[in-house]
Protein chains: 2
Amino acid sequence: MPELPATRERILDAAEHAFMAHRYEGASMRQITGEAGVNLAAVNYHFGNKESLLHAVLKRRLDGLNQERLRVLDELEAAAAGAPLKPSQIVDAFFGTLLRMGAEPGGDTFMRLLGRILTEPAEFISVVLAQEYADVLERFKQALFHALPDVPREEIVWRFHFMLGATSYAIAGTDALRLVTDWQTEAADDGTDRLLPRLMSFLLGGLRAPLPEPPAKPKQRSRRKTP
Amino acid sequence: MPELPATRERILDAAEHAFMAHRYEGASMRQITGEAGVNLAAVNYHFGNKESLLHAVLKRRLDGLNQERLRVLDELEAAAAGAPLKPSQIVDAFFGTLLRMGAEPGGDTFMRLLGRILTEPAEFISVVLAQEYADVLERFKQALFHALPDVPREEIVWRFHFMLGATSYAIAGTDALRLVTDWQTEAADDGTDRLLPRLMSFLLGGLRAPLPEPPAKPKQRSRRKTP
DNA sequence: GCCGGGGTCAAACAACTGTTTTAATCATAC
DNA sequence: GTATGATTAAAACAGTTGTTTGACCCCGGC
């Protein structure tokens with residue numbers, strides 16, 4: 001193969017960093033191309049437009065991440081031989097694989113980018129992520145359904161949603177919420193190796209929490225809320 | 001008092017909606033003033049600049065919310081007479097009060113705005129929220145410290161962080177993650193009255209989860225990770 | 001030699017950004 | 001009535017945005 005075009009990768013790296021630092025709309029093409037050391041028109045030449053650039057940035061890492069997630073899940077299910085998995089195994093295969101990717105060189109900036117981009121209101125991002133995530137999310141949902149047969153599926157979907165939110169904040173709001181919670185004295189710079197077990201125990205505790213009382217039947221307890 | 005200037009409130013309402021829909025940088029002054037039906041220069045006349053407008057939008061609701069949160073906490077602590085509160089009481093006073101504010105007319109758009117704005121990388125927003133949140137967050141942290149005396153304080157701070165993330169996603173990502181998790185069939189439009197008990201049980205489960213094993217001592221298990 | 005095309009470059013494009021300016025309008029006080 | 005201060009109006013401000021243009025370079029094939 002001929003020498004790989006270095007500018008494409010440099011644009012992707014710079015864009016990943018800029019999108020992480022300033023979000024999609026806040027990161028300008030001139031910032032990205034300036035940081036990459038390439039011409040302004042290079043990104044339009046190689047990627048078409050800004051949207052496709054973000055798509056390429058996400059796809060570059062998400063492909064590998066989701067492949068790895070499915071591989072781990074396949075391995076677990078093969079070892080279980082039909083028996084339902086433990087919830088902790090599934091949660092670790094999904095969220096643990098994500099967080100461990102942050103330990104790789106350069107993976108931390110992408111993790112923070114991912115955490116921030118999930119709340120973007122731009123529609124095309126959601127569409128991209130839906131395409132990227134659809135199959136793997138379905139697989140993990142089914143695995144959780146089998147692992148927790150006595151929990152209503154609707155409840156599992158909700159809790160999966162909550163777990164996504166907690167994880168996203170944990171990796172994205174590293175500096176945003178540091179101001180809010182002002183814990184500069186405690187637990188500031190002890191990397192992600194401590195974050196992983198903390199987050200995992202929180203997620204599992206939430207996932208296996210006792211079910212909320214069925215809401216629409218107020219005949220058991222007649223507790224009225226501030227009438 | 002003279003007739004309250006209607007344009008100020010209309011600007012605030014329109015800005016709240018626009019900031020919720022397009023975030024801070026994505027919402028333009030012309031969108032806001034156009035939606036409010038006022039002149040473009042009106043916002044600069046009444047608020048100075050765009051940053052101060054966002055500050056006013058947040059302050060208008062956060063003041064009442066935090067006052068209510070502190071009031072509920074005061075009431076609980078007065079009723080307990082020195083005894084530590086139950087964690088569920090504290091969590092409900094903080095997050096339940098927030099979610100119940102979403103049930104008020106117009107409160108839902110602000111809740112979604114709040115959930116999205118917390119991950120903004122712009123510094124001044126974090127500064128504003130730090131000023132706004134500092135005292136109430138400290139009060140609730142202390143309450144949790146007393147309620148969970150055998151849990152390390154560092155761990156409580158982390159889990160408070162996780163709870164913030166899960167809540168933020170639950171209220172902000174109503175449409176963003178609906179695409180990802182494609183649950184259009186299930187639990188789409190049964191308002192926030194069902195969300196509250198679901199989220200509360202998840203948060204409490206995560207808050208009271210068993211502590212993670214102390215991480216920095218790898219002499220117990222010699223499991224090496226993919227050498 | 002020359003030709004062709006992938007890649008880079010500076011420059012300009014139209015559209016949009018937040019903000020300011022200046023004039024016009026309004027209600028109220030004298 | 002006029003004067004006064006607060007609000008609104010249209011227009012222009014300087015700057016940035018993403019994208020496009022057309023010339024330019026370089027390198028392998030003929």
Side-chain angles (χ1 to χ4, degrees), chain A residues 1-59 113 116-117 120-125 127-128, chain B residues 1-59 113 116-117 120-125 127-128:
Chain A
M1 56 180 76
E3 317 166 11
L4 286 183
T7 91
R8 247 191 86 105
E9 296 300 317
R10 285 206 294 176
I11 289 177
L12 284 176
D13 289 338
E16 183 176 82
H17 180 68
F19 285 147
M20 180 274 294
H22 310 100
R23 266 224 181 71
Y24 175 70
E25 294 183 294
S28 71
M29 308 254 93
R30 285 162 181 81
Q31 279 180 21
I32 296 172
T33 53
E35 188 177 323
V38 302
N39 189 268
L40 171 62
V43 43
N44 291 85
Y45 175 79
H46 283 281
F47 298 94
N49 52 18
K50 195 182 176 185
E51 288 195 9
S52 302
L53 172 61
L54 175 60
H55 181 101
V57 167
L58 294 176
K59 189 173 173 55
L113 164 63
R116 291 187 173 172
I117 220 75
E120 282 279 347
E123 319 90 38
F124 78 95
I125 295 180
V127 172
V128 168
Chain B
M1 56 181 77
E3 318 167 10
L4 285 183
T7 93
R8 248 190 85 105
E9 295 301 317
R10 286 207 292 174
I11 290 177
L12 284 176
D13 290 336
E16 183 176 82
H17 180 69
F19 285 148
M20 182 274 294
H22 309 100
R23 264 222 180 73
Y24 176 70
E25 294 183 295
S28 71
M29 308 251 94
R30 284 162 182 82
Q31 279 181 20
I32 296 172
T33 54
E35 188 178 323
V38 302
N39 190 268
L40 172 61
V43 43
N44 291 82
Y45 174 79
H46 283 281
F47 299 94
N49 52 18
K50 196 182 175 184
E51 287 196 10
S52 302
L53 173 62
L54 175 59
H55 182 99
V57 167
L58 294 177
K59 191 173 171 57
L113 165 63
R116 292 186 172 171
I117 220 76
E120 282 278 345
E123 319 90 38
F124 77 95
I125 296 181
V127 173
V128 168

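Just so we're on the same page: letters track the sequence lines, and every chain starts at 1.
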query: Closest to the A:Tyr45 side chain: C:dG18, D:dT19, C:dT8?
result: C:dT8

field: Among D:dT19, C:dT19, D:dT7, the nucleotide that comes nearest once only the side chain of A:Asn44 is considered
entry: D:dT19

Residue list, side chain to side chain contact (heavy atoms under 4.5 Å, CB included) with B:Ala15, at least two apart or on another chain: B:Phe19, B:Ile32, B:Leu53, B:Val57

message: On DNA chain D, does the nearest nucleotide to A:Gly48 precede the nearest nucleotide to A:Gly26 from the 5' side, or the other way round? Give the residue.
response: A:Gly26

- prompt: B:His46 side chain N/O closer than 4.0 Å to the phosphate oxygens (OP1, OP2) of D:dA6?
  reply: no

field: 4.5 Å side-chain heavy-atom contact, A:His22 and B:Glu25
entry: no

query: Among D:dT20, C:dT19, D:dG18, which is the nearest nucleotide to the side chain of B:Met29?
result: C:dT19

- request: Nearest whole angstrom, please: distance from the P of D:dT19 to the CZ of A:Phe47.
  value: 13 Å

task: Check A:Ala27 against A:Ala18 and note the closest heavy-atom contact, atom names and distance.
output: CB-O, 3.7 Å

query: Could you give the distance from CE (A:Met29) to CG (A:Leu40), rounded to the nearest 0.5 Å?
result: 8.0 Å

- line: Taken to the nearest whole Å, CD/A:Glu25 to C1'/D:dT16 is 14 Å

task: Starting from P on D:dT17, measure out to CD on A:Gln31 and report it in whole angstrom.
output: 7 Å

- request: Using atom NE2 of A:His22 as one end and atom P of D:dT17 as the other, report the distance to the nearest whole Å.
  value: 11 Å

- request: Using the salt bridge (charged side-chain N to carboxylate O under 4.0 Å, His left out) rule, collect all pairs that involve residues 35-57 of chain A, keeping only residues at least two apart or in two chains.
  value: none

message: In whole Å, I'd like the distance from the CG atom of B:Asn49 to the P atom of C:dT17.
response: 17 Å

- prompt: What's the closest nucleotide to the A:Thr7 side chain, out of D:dT8, C:dT8, C:dT20?
  reply: C:dT8

statement: In short, B:Thr33 meets B:Val43 closest at the heavy-atom pair CG2-CG1, 3.8 Å

- request: Could you grab the distance from atom CZ of A:Arg8 to atom CG of A:Asp13, nearest 0.5 Å is fine?
  value: 12.0 Å

task: Do nucleotides 9-14 of chain D as a string where each nucleotide becomes B, S or -: B if the base has a protein heavy atom under 4.0 Å, S if just the sugar-phosphate does, - if no protein is that close.
output: BB-B--

- request: Measure the distance from CZ on A:Arg8 to C1' on C:dG6 and round it to the nearest whole Å.
  value: 14 Å

query: When the distance from CZ of B:Arg23 to P of C:dT17 is rounded to whole Å, what number comes out?
result: 18 Å

